[in-house]
Amino acid sequence: MVERSAMAESLSDVSSAALNSQPSTFNKLRDIVAKLRGPGGCPWDREQTHESLLPATIEEAYEVAEAARAKNDAHFREELGDLLLLVVMHAEIAREAGRFDINNVVDDVTEKLVRRHPHVFGKSAARDSGAVLKQWEAIKREEKRSDSHYLASLPRALPALMRAQKAQSKAARVNFDWTELRDVLAKVEEELGETKSAIASQDRPSLEDEIGDLLFAVVNLARKCKLDAESALQTATDKFVARFNRLEDELRARGRRLGDVDLAELDEIWNAIKKMTNERMRKDERSSND
């Protein structure tokens, strides 16, 4: 662990540099937000509170994720800007109330980054990502000694799949994890069997419990395969939507409408679309490998 004096010196240097070198474009954004919120500013902006901005803050974070997955730089940059605007707006509302300002926000995160990276700014020997993550958790636990449990900081507001994976990842950092993938697969199969039994029993509370356990086990499988469960499900949903849109287009071409066609015909069209898209994917993979 880095010595206290060395850490304090690093914190001071980096924090001061961050606060004194904020780009003029950032200062301009801060000043514009203050003007919008000030006397003679925008009535809508002046009415906003932390609570009223929360839905937009959450929505913009999801839009950033969507833009990043789409690999569209112009869209990604725009969405990052929208999210940054909300961060500055929240900080401005807090400044008006005399609580803190954007400089405090920047200072806090700068200090935290330095404090939690002693392998970069200090003398820690941690070098690989596994050791770095364990070191991060140890420093975080030391900072939050008032929390009575290790997972106390796990946000309840996260989407369910993301929260499950984060809980599992944090537990794994303190060695509570299967080492073999076959054990994870066995757990998925065990939970699937228990879900089938719950379905047969027609016990709704039991079924809800078992389906939850099954989903949790599948999230763990994704994590052990080094996949993000939220992204994997998002991709699967996008694929379903694209195929369903094609199914709808095919029905229109036949002069039919959704809701007026039986399952047998829908399955016929769906399977044809699935076969066509799978063949196209294989063709694209062969082309990329040539």
Side-chain angles (χ1 to χ4, degrees), residues 55-83 86 129-130 133 154-173 177-178 180-192 195 208 210-252 258 263 266-290:
T57 305
I58 294 167
E59 181 181 335
E60 291 299 344
Y62 278 112
E63 291 183 3
V64 166
E66 181 181 354
R69 292 189 185 104
K71 295 181 171 59
N72 181 324
D73 283 353
H75 187 205
F76 190 26
R77 187 176 66 198
E78 178 186 3
E79 296 302 341
L80 284 172
D82 290 344
L83 184 58
L86 283 160
S129 59
L133 284 174
L154 189 67
R156 292 190 61 84
L158 288 176
L161 287 183
M162 190 183 299
R163 186 167 183 259
Q165 185 159 320
K166 189 173 182 67
Q168 294 164 358
S169 297
K170 286 176 69 68
R173 291 174 197 165
D177 194 17
W178 276 296
E180 300 295 334
L181 186 60
R182 64 173 177 268
D183 295 325
V184 182
L185 281 167
K187 186 62 177 175
V188 172
E189 291 166 357
E190 175 191 328
E191 296 298 347
L192 179 59
T195 299
E208 183 178 0
E210 295 302 342
I211 288 179
D213 289 346
L214 176 59
L215 288 169
F216 193 83
V218 171
V219 170
N220 203 30
L221 176 61
R223 181 184 65 84
K224 291 298 287 185
C225 292
K226 302 188 183 307
L227 296 171
D228 177 69
E230 192 82 18
S231 297
L233 183 58
Q234 189 71 262
T235 299
T237 302
D238 287 345
K239 182 169 62 177
F240 175 83
V241 170
R243 288 177 177 174
F244 198 86
N245 288 345
R246 291 186 180 183
L247 180 149
E248 189 175 7
D249 292 341
E250 178 60 25
L251 284 177
R252 287 199 188 105
L258 286 171
L263 181 58
L266 292 174
D267 271 345
E268 173 206 332
I269 299 171
W270 182 268
N271 289 331
I273 292 169
K274 185 176 179 180
K275 181 179 179 181
M276 180 179 64
T277 54
N278 286 342
E279 287 175 352
R280 184 176 299 165
M281 286 176 61
R282 286 193 290 270
K283 183 179 179 180
D284 291 343
E285 286 175 2
R286 287 195 296 271
S287 298
S288 63
N289 291 331
D290 288 344

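The figures that follow rest on heavy atoms only: side chains count, while hydrogens, waters and symmetry mates do not.
Within 6.0 Å of atom CD in E78, more than 12 heavy atoms from other residues, nucleotides or ligands are found, so the atom counts as buried in its surroundings.
Side-chain contact between L227 and L221 is absent, with no heavy-atom pair separated by less than 4.5 Å. With contacts defined as side-chain heavy-atom distances shorter than 4.5 Å, the pair E210/D213 qualifies. Between T277 and R246 the shortest side-chain heavy-atom distance falls below 4.5 Å.
Judged by distance alone, the side chain of R163 and the main-chain N or O of P155 form a donor-acceptor pair under 3.5 Å. Of the possible donor and acceptor atoms, one in the side chain of E230 sits under 3.5 Å from a partner among the backbone N and O of M162. No donor-acceptor pair under 3.5 Å is formed between the side chain of Q168 and the backbone N or O of K224.
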Checking R252 against E248 for the salt bridge (charged side-chain N to carboxylate O under 4.0 Å, His left out) test, could you report, in this order, the C-alpha distance in whole Å, the side-chain angles of both residues, the deciding distance, and whether it holds? CA-CA 6 Å; R252 287 199 188 105; E248 189 175 7; 3.1 Å; yes
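Residues passing the side chain to side chain donor-acceptor pair (under 3.5 Å) test with T57 are H90, sequence neighbours excluded. Scored by the side chain to side chain donor-acceptor pair (under 3.5 Å) test, K170 finds E137 as partners (sequence neighbours excluded).
For residues 55-69, no pair satisfies salt bridge (charged side-chain N to carboxylate O under 4.0 Å, His left out), with sequence neighbours left out.
Just one of E79, R77, K71 meets the side-chain contact (heavy atoms from CB on, under 4.5 Å) condition when paired with H75; it is E79.
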